Amino acid sequence: ILVGFSMGAMLAQIYAMASHNRLCGLVLMNAVYNRTPTEIERVKERFRRNQQLGVESAKESALRRWFRDEDWRDHQETIETISGWIQEGNFAAKRKAQRVFITTQPELVGNLATITCPTLVMTGERDGGSTPRMAASIADIISGAKLSILPDQHHMMSLIAPQQVNRILGEFIENLVS
């Protein structure tokens, strides 16, 4: 069973298109798919801004997009940990990864129907980057895919609402093995 989150979900989609017969299950969490022209331009602008202004700009932008107001009150320690992850390491390498995230869309659009393994697609209702529209599109294209939109959640739902996420994952996996 292959589980991918965010950029990892994009990579999982690519892997599954080529090797779905090697998987007994696929989980795509907060996946990007078929961005609109407006969404593409927004991501490109964020990339340009991050190149110009550096890691602090990237961190501020990501944290604003990934968390709800109440998360800042109720999950401060988790947000601080993620903030540290953004600041750690080589920012140039992270920008290269972000560029791949921006430009890989053509490999996905129109090709997901080749995935035949059982698939769960999930995102947060308020995830502005990996939107419910995107998740629904993925689930519509992959035959038999199950769609789960977590109410009132943003991008980092796996860290903010792990009980909800794990319940849905557990049910999906239990159905695969039973």
Side-chain angles (χ1 to χ4, degrees), residues 1-13 25-89 91 94-95 97-98 100-102 105 119-140 145-175:
I1 300 169
L2 178 60
V3 178
F5 166 73
S6 193
M7 186 181 294
M10 179 188 68
L11 298 173
Q13 290 173 70
L26 174 66
V27 179
L28 303 172
M29 293 177 47
N30 305 85
V32 171
Y33 180 75
N34 199 17
R35 289 183 178 118
T36 66
T38 301
E39 290 166 338
I40 291 169
E41 192 49 45
R42 191 176 332 135
V43 173
K44 286 180 178 179
E45 178 54 34
R46 189 167 50 243
F47 178 74
R48 287 188 289 268
R49 193 172 49 250
N50 291 346
Q51 281 188 301
Q52 293 171 342
L53 301 176
V55 69
E56 282 300 318
S57 172
K59 179 182 79 170
E60 288 177 25
S61 172
L63 296 178
R64 272 195 318 270
R65 290 188 324 276
W66 294 347
F67 298 101
R68 306 168 298 167
D69 291 341
E70 55 269 30
D71 295 335
W72 288 90
R73 181 187 64 241
D74 300 336
H75 301 280
Q76 187 65 39
E77 187 175 318
T78 299
I79 295 171
E80 287 175 10
T81 299
I82 293 168
S83 175
W85 294 344
I86 295 169
Q87 288 185 279
E88 290 173 0
F91 189 62
K94 291 176 184 180
R95 283 195 324 263
Q98 186 183 21
V100 170
F101 196 54
I102 293 168
Q105 179 165 282
T119 302
L120 168 63
V121 183
M122 56 193 305
T123 197
E125 176 185 44
R126 293 172 49 191
D127 190 335
S130 305
T131 67
R133 175 194 57 80
M134 292 177 188
S137 293
I138 294 168
D140 285 345
K146 179 182 181 325
L147 175 64
S148 184
I149 307 296
L150 275 70
D152 203 36
Q153 290 299 315
H154 274 215
H155 194 65
M156 290 295 187
M157 63 190 198
S158 58
L159 295 172
I160 298 300
Q163 296 84 2
Q164 284 180 279
V165 171
N166 289 338
R167 181 184 52 75
I168 295 165
L169 285 172
E171 289 171 5
F172 177 72
I173 292 168
E174 182 66 33
N175 287 332

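The model shown is predicted, which means the values in this text are computed figures rather than measured ones. Worth knowing before you read on, the calculation uses all heavy atoms, side chains too, and leaves out hydrogens, waters and symmetry mates.
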Exercise for review: Let me see the working for Arg46 and Arg49 under side-chain contact (heavy atoms from CB on, under 4.5 Å), right down to the final yes or no.
Suggested key: CA-CA 5 Å; Arg46 189 167 50 243; Arg49 193 172 49 250; 3.7 Å; yes
Practice item. Could you give me the CA-CA distance, side-chain angles and deciding distance for Phe5 and Met157, then say whether side-chain contact (heavy atoms from CB on, under 4.5 Å) is met? Key: CA-CA 10 Å; Phe5 166 73; Met157 63 190 198; 5.7 Å; no
Exercise for review: Would you sort out whether Ser148 and Ile168 count as a side-chain contact (heavy atoms from CB on, under 4.5 Å), showing the intermediate values?
Suggested key: CA-CA 8 Å; Ser148 184; Ile168 295 165; 3.2 Å; yes
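Between Asp152 and Glu125 the shortest heavy-atom distance is N-OE1, 2.6 Å. The two residues His154 and Asn30 have their closest heavy-atom pair at O-ND2, 3.9 Å. Closest heavy-atom contact between Ser57 and Asn50: OG-OD1, 3.5 Å. The two residues Ser158 and Val165 have their closest heavy-atom pair at CA-CG2, 3.8 Å. Taking each heavy atom of Ile86 and Ala62 in turn, the nearest pair found is CD1-CB, 3.9 Å. The two residues Arg133 and Tyr33 make their nearest non-hydrogen contact at NH1-O, 4.4 Å.
Considering CD1 of Ile149 and OG1 of Thr131, their distance stands at 8.5 Å, rounded to 0.5 Å. Here the straight-line distance linking atom NZ of Lys146 with atom CE of Met122 works out to 8.0 Å at 0.5 Å rounding. In this structure, NE2 on His75 lies 13.5 Å from CE on Met156, to the nearest 0.5 angstrom. Leu53 CG to Arg48 CZ: the interatomic distance, rounded to the nearest 0.5 Å, is 12.5 Å. Between Asp71 atom CG and Leu63 atom CG the span is 11.0 Å, to the nearest 0.5 Å. Interatomic distance, CG of Leu28 versus CG of Leu120, reported as 8.0 Å (0.5 Å rounding).
Under a 3.5 Å cut-off, the side chain of Thr81 and the backbone N or O of Glu77 do form a donor-acceptor pair.
A salt bridge links Lys59 to Glu56: one of the charged nitrogens lies within less than 4.0 Å of a carboxylate oxygen. Ion pairing between Arg73 and Glu70 fails under the 4.0 Å rule for side-chain N and carboxylate O. No salt bridge links Arg35 with Glu41; every basic N to acidic carboxylate O contact stays at or beyond 4.0 Å.
For the side chain to side chain donor-acceptor pair (under 3.5 Å) test, no residue two or more places apart in sequence or in another chain qualifies with Gln52.
Between Trp72 and Phe67, the ring planes are perpendicular. Angles over 60° get that label, and only those under 30° would be called parallel.
Other residues, nucleotides and ligands place more than 12 heavy atoms under 6.0 Å from the CD atom of Gln76.
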